[in-house]
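Each remark here refers to the structure printed beneath this line.
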There are 2 protein chains.
Amino acid sequence: MDLTAPEWHRPTLEDVAQRAGVSRATASRVVSGSHPVSERRRSAVLRAVADLQYVPNQAGRSLVSRRTGSYALVLPEGMGQVFSEGFFPTLIRGATAELEESDEQLVILLAGSAAGRRRIEQFVRGGHVDGVVLASVHDRDPLPGLLAGTGVPVVCCERAYGDVQLPCVGVDNAGGAAAAVRYLKRIGRTRIATVAGPSSTPAGQDRLGAYLRETVRGHRRPLVAEADFTVEGGRAATARLLAEEPRIDGLFAASDLMAVGALEALRRAGRRVPEDVAVVGFDDVDCARTAEPALTTVHQPIEQLGRQLVRLVQRLAAGEEAGPALVLPTALVLRDSA
Amino acid sequence: MDLTAPEWHRPTLEDVAQRAGVSRATASRVVSGSHPVSERRRSAVLRAVADLQYVPNQAGRSLVSRRTGSYALVLPEGMGQVFSEGFFPTLIRGATAELEESDEQLVILLAGSAAGRRRIEQFVRGGHVDGVVLASVHDRDPLPGLLAGTGVPVVCCERAYGDVQLPCVGVDNAGGAAAAVRYLKRIGRTRIATVAGPSSTPAGQDRLGAYLRETVRGHRRPLVAEADFTVEGGRAATARLLAEEPRIDGLFAASDLMAVGALEALRRAGRRVPEDVAVVGFDDVDCARTAEPALTTVHQPIEQLGRQLVRLVQRLAAGEEAGPALVLPTALVLRDSA
DNA sequence: CTGAAAGCGCTTACAG
DNA sequence: CTGAAAGCGCTTACAG
């Protein structure tokens, strides 16, 4: 069989059936495994499939089954750099692993420009996927609204904003952040500042909220600088913090990347970590381990998050209820920076 | 129109046609814009489309047109971290921008486990996409082989290995690396070492090859340590290099990430950059600008690479010839590290 | 320019 | 268990 010959055409179910000497219906039944078929015909069909390298045409199949066997994961293009350090790759790994169990395919879409988001909407409406996972949603993100009316199930990380109420899977941001700040207090730190994440994101909001509660509870003055989850942002925010209050002895950064930036700013300012300033991060991605000193940080079960998001959207696609919102636990991991 | 009602079904072309008082054929012609239609009917159809929020079902459409309007970009999962710093995001941006012009969608697939690669093969064979761009191919990558027989056009970055000859778009790795080494010689460096990339990749091979040619030509002893394109790898390789030859005064790292690692290793070893050791990187991604000192590096037109890869695969999908292999130019960018 | 009809490749009641 | 037939939603010659 010359696959490069111009007149060659992909084998269809009809070809398989003919070669196996059965009806198209029977061939379909063994290929999809949907109905029992006599052993003789079954093996004949299987042999034909192998001989022909037959793979069902998805267009034909999904036209009638109304299923595609693939799910979309939508990543925000803008924040690519922010989360590149471990978060997205790990989330993708989890989602892929979960989908693998039902032999389904993960398709990643980047939401960039407004035009790009429209195209994603069309893509979803066009029936390319059975469900959508939004990896990151912020304040005024138009995507949940655009996708809400498509009839295709959509879920998201953390929590959706505005009027569109999407089913979500989150992590315990508040609990993790509170644990971090409490730990800093417990080891005797009294002037604890925070480098907060963007207030437009759930993670930014919730981690800051917990810091504030813990600080106020201890009758201490909150020291906050907001940054954008990046190394560079963390560095600049920490410099501002040091200018405002040079006697800082504890620092909670709302992401590991920002904590790495903080480490650099502190080094430049001549502060030793953890002796002068104890630093705690959030995420527990790779750079936490390789930082110098290695970061004490709040571990987030990112792979689990990916898995649970997929399970949720699969459940929805199967017509089941979303059930109560799921919040995954976080945990403080002690290393050298605090 | 209650989109959440269980009995609601997506509008079909038939619904549009009926609402507009035309035949299904006419409705199709205005929606796809394939044939001229009288102004009266045209606007009636358009109105119906808007009223119904009609979006063509891709399964039906591609079943007959044999086109999906989307292309796959396959990224290697393993190397995610390696290229996360700018390369892949930029490549994706270029590919997306190029596709945008024909209103087509980029779909990103991660090639992970062997099972995952099989699933990608099935996905492609199933007719989900009109073409495939392999973002990174190495030595014994089975993917080109798996995809070669699908009948779907496949192109790749740099160059394919083995017996499968895929059409490619590359950058002038050798020219860029040679320029870097020549520059180091021109500024008077005499003991020039290199941190090479993995010898399993075209970029690794070609950049090292150019270094060796330039070194041998100058009757100098080559000093090579191989690493994996990461910061950590660059750090370790540089430490080895310094152990082997402490008098190194020039260093060409085959990626910016490795150059950043080299900077750290040099700092720890008490060497000043560029005074004691002049360092040149390759890629010109974000971290080159933010490194301290800012990296002198070989600029690679990554976004163009993404665009040209898409153009190539689109051309193939349209039945045209691939044409001669395209090699994009590189250029040395002078900053502070050399 | 327009419509009736065929057909893309598949699955699924419906009879048997 | 099996096959003939209908139909998923769309496009495209074919007549007009």
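Note on naming: letters A, B, ... go to the chains in the order of the sequence lines (proteins, then strands), and numbering restarts at 1 for each one. Below, all heavy atoms of this structure are taken into account, side chains as well, without hydrogens, waters or symmetry copies.
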Could you measure between the two P atoms, the one in D:dA6 and the one in D:dT2, and give it in whole Å? 22 Å
Taking C-beta and beyond as the side chain, do A:L305 and A:L91 meet within less than 4.5 Å on heavy atoms? yes
Counting only heavy atoms and a strict 4.0 angstrom limit, can you tell me which residues of residues 34-46 of chain A come near DNA chain D? A:P36, A:V37, A:S38, A:R41
Please report the distance separating the P of D:dC14 from the corresponding atom of D:dC10, rounded so that it comes out in whole Å. 24 Å
Scanning both residues in full, the closest heavy-atom pair of A:E121 with A:L146 reads OE1-CD2, 3.4 Å
Is there a side-chain contact between A:L63 and B:L63 (heavy atoms, below 4.5 Å)? yes
Whenever both distances are under 3.5 Å in a Watson-Crick or G-U wobble pair, mark it; put DNA chain C into dot-bracket that way, with [ ] for crossing pairs and | when the partner is on another strand. |||.||||||||.|||
Can you tell me which residue pairs pass the salt bridge (Lys or Arg N to Asp or Glu O under 4.0 Å) test with a partner in residues 128-138 of chain A, sequence neighbours excluded? A:R67-A:D130
Any idea which heavy atoms bring B:V55 and A:R125 closest together, and the distance? CG2-CD, 3.3 Å
Pick base, sugar-phosphate or nothing for A:T26, based on heavy-atom distances below 4.0 Å to the nucleic acid. sugar-phosphate
For D:dT11, does OP1 or OP2 lie under 4.0 Å from any side-chain N or O of B:S28? yes
Work out which heavy atom in A:L312 is nearest to a heavy atom in A:A322; give both atom names and the distance. CD1-O, 3.6 Å
Can you see which heavy atom on A:A17 is nearest to which on A:A27, and at what distance? CB-CB, 4.0 Å
Shortest non-hydrogen contact from A:V74 toward A:A111: CG1-CB, 3.8 Å
Measure all distances between protein nitrogen or oxygen atoms and nitrogen or oxygen atoms of nucleotides 14-16 of chain C, and list the pairs falling under 3.5 Å.
none

Going by side chain to side chain donor-acceptor pair (under 3.5 Å), name the pairs with one or both residues in residues 304-327 of chain A, residues two or more places apart or in two chains. A:E98-A:R307, A:E98-A:R311, A:E101-A:R307, A:S102-A:Q314, A:E104-A:Q314, A:Q304-A:Q308
Taking C:dC1 as the reference, what is the distance to C:dA5 when you measure between their P atoms (whole Å, please)? 23 Å
Note, A:L106 side chain near B:L110 side chain (heavy atom, < 4.5 Å): no
Could you list all N or O pairs between the protein and nucleotides 7-9 of chain D that sit under 3.5 Å apart?
| unit_1 | atom_1 | unit_2 | atom_2 | d |
| --- | --- | --- | --- | --- |
| D:dC8 | O3' | A:R66 | NH2 | 2.7 |
| D:dG9 | OP1 | A:R66 | NH2 | 2.5 |
| D:dG9 | N2 | B:G60 | O | 3.0 |

Measuring only the P atom in each nucleotide, how far is D:dT11 from D:dA15? A whole number of Å is fine. 22 Å
State, yes or no, whether a side-chain contact exists between A:P144 and A:V154 at a heavy-atom distance under 4.5 Å. no
Side-chain contact, heavy-atom cut-off 4.5 Å: B:V152 with B:L147? no
Contact check, side chains of B:Q122 and A:Q105, non-hydrogen atoms, under 4.5 Å: no
Tell me: CZ of B:R67 to C1' of D:dC10, nearest whole Å? 16 Å
